[in-house]
Visitor: 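This structure is in structure tokens; I'll ask about it shortly.
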Amino acid sequence: MTSYNREQLEALRMVRRQLASMGEEGLAALRKRIDRYLAFRNDLEEFLRVRFGDICNEKCFCSRLSACCTREGIIVFFADVVVNALASSPQQLDAVEQVFEYGHCGRDQGFKCVFLTQSGCLWQVRPIVCAMFLCDSAKEKVFGQDPEAARQWAEFENRRKAFTWPDKPVLFDDLETVFMEAGCRSPLMHLHFSPGLRMVKKKQKH
Ligand code: SF4
Ligand code: SF4
């Protein structure tokens with residue numbers, strides 16, 4: 001297993017252990033914290049389905065060349081793992097863990113991301129970096145013909161920042177803090193350990 005995969009597996013196990021140790025009240029409070037983020041993600045998926053569904057199907061999924069999901073080394077945030085764990089059943093999370101440990105037997109050789117199966121991504125709420133990735137040619141095709149779609153995409157970019165970019169208090173930072181206060185540490189806690197993002201947070205305080 002690569003160190004990249006090991007870090008993700010350890011983060012997932014840590015999150016599952018921590019969630020299992022929380023009482024109903026603690027879990028309910030955590031779920032409430034991510035409500036608005038899940039609403040954003042639902043809106044985003046709907047936008048992508050309506051505006052990009054046909055293009056992505058035709059260009060990538062039919063030819064099995066998805067440039068989105070062949071990318072290796074996507075940045076996964078600790079909060080991505082927490083949100084996905086809260087949105088998944090134990091069986092769905094077991095399936096993700098098994099991919100780390102044993103690889104995905106059924107996937108086509110052409111697909112590089114271990115989480116991509118014949119029926120789509122194994123994550124119930126995929127990492128934000130994946131969800132907001134659009135290739136240039138798809139963007140040009142859709143936004144070139146439809147300025148309103150381009151404006152909506154810019155709004156999604158802003159909504160994403162409101163949850164992830166720490167120039168002000170944001171959910172992704174809060175979720176790391178909740179788990180750190182419970183004694184968890186992970187290299188995926190980029191909002192606490194990435195020098196660049198720490199600098200952004202530092203400026204927030206001035
Ligand atoms: S965004 Fe581009 S690379 Fe990704 S699935 Fe759509 S067409 Fe393919
Ligand atoms: S995690 Fe899911 S969405 Fe992201 S690259 Fe892998 S299969 Fe694609």
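Keep in mind that this is a model prediction, so the values were computed, not measured. Note that ligands are numbered from 1 as they come in the structure, with each ligand's atoms numbered from 1 the same way.
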Visitor: Decide yes or no on side chain to side chain contact (heavy atoms under 4.5 Å, CB included) for Glu97 and Leu93, but give the supporting numbers first.
Guide: CA-CA 6 Å; Glu97 282 198 22; Leu93 295 177; 5.7 Å; no
Visitor: Would you mind running through ligand 2 and noting each atom that sits below 4.0 Å from a heavy atom of Leu116?
Guide: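 Reading through ligand 2 atom by atom, the close ones are 7 (S).
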Visitor: Using a 4.0 Å cutoff against the non-hydrogen atoms of Arg126, which atoms of ligand 2 qualify?
Guide: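 Numbered from 1, ligand 2 contributes 3 (S).
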Visitor: Specify whether an N/O/S atom of Cys121 falls short of 2.8 Å from atom 4 (Fe) of ligand 2.
Guide: no
Visitor: Could you walk me through whether Leu188 and Phe193 pass the side chain to side chain contact (heavy atoms under 4.5 Å, CB included) check?
Guide: CA-CA 8 Å; Leu188 303 193; Phe193 298 131; over 6 Å; no
Visitor: Please name the residue in the list Asp146, Leu44, Asn158 that meets the side chain to side chain contact (heavy atoms under 4.5 Å, CB included) test with Trp153.
Guide: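 The single option meeting the side chain to side chain contact (heavy atoms under 4.5 Å, CB included) with Trp153 is Leu44.
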Visitor: Is the distance from atom 6 (Fe) of ligand 1 to the nearest N/O/S atom of Cys135 under 2.8 Å?
Guide: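 No - counting backbone and side chain alike, Cys135 has no N, O or S atom under 2.8 Å.
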Visitor: Give the numbers and elements of all ligand 2 atoms closer than 4.0 Å to a heavy atom of Cys113.
Guide: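 Listed by number with element: 1 (S), 5 (S), 6 (Fe), 7 (S).
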Visitor: Sort out for me which residue in Val83, Asn84, Val81, Val76 forms a side chain to side chain contact (heavy atoms under 4.5 Å, CB included) with Pro127.
Guide: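 Among the candidates, only Val76 passes.
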Visitor: Can you list the steps and then say if Leu191 with Phe77 is a side chain to side chain contact (heavy atoms under 4.5 Å, CB included)?
Guide: CA-CA 8 Å; Leu191 283 95; Phe77 289 87; 3.7 Å; yes
Visitor: Below 4.0 angstrom from a heavy atom of Cys130, which ligand 2 atoms are there? Numbered from 1 as shown, please.
Guide: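 This gives 1 (S), 3 (S), 4 (Fe), 5 (S) as the contact atoms.
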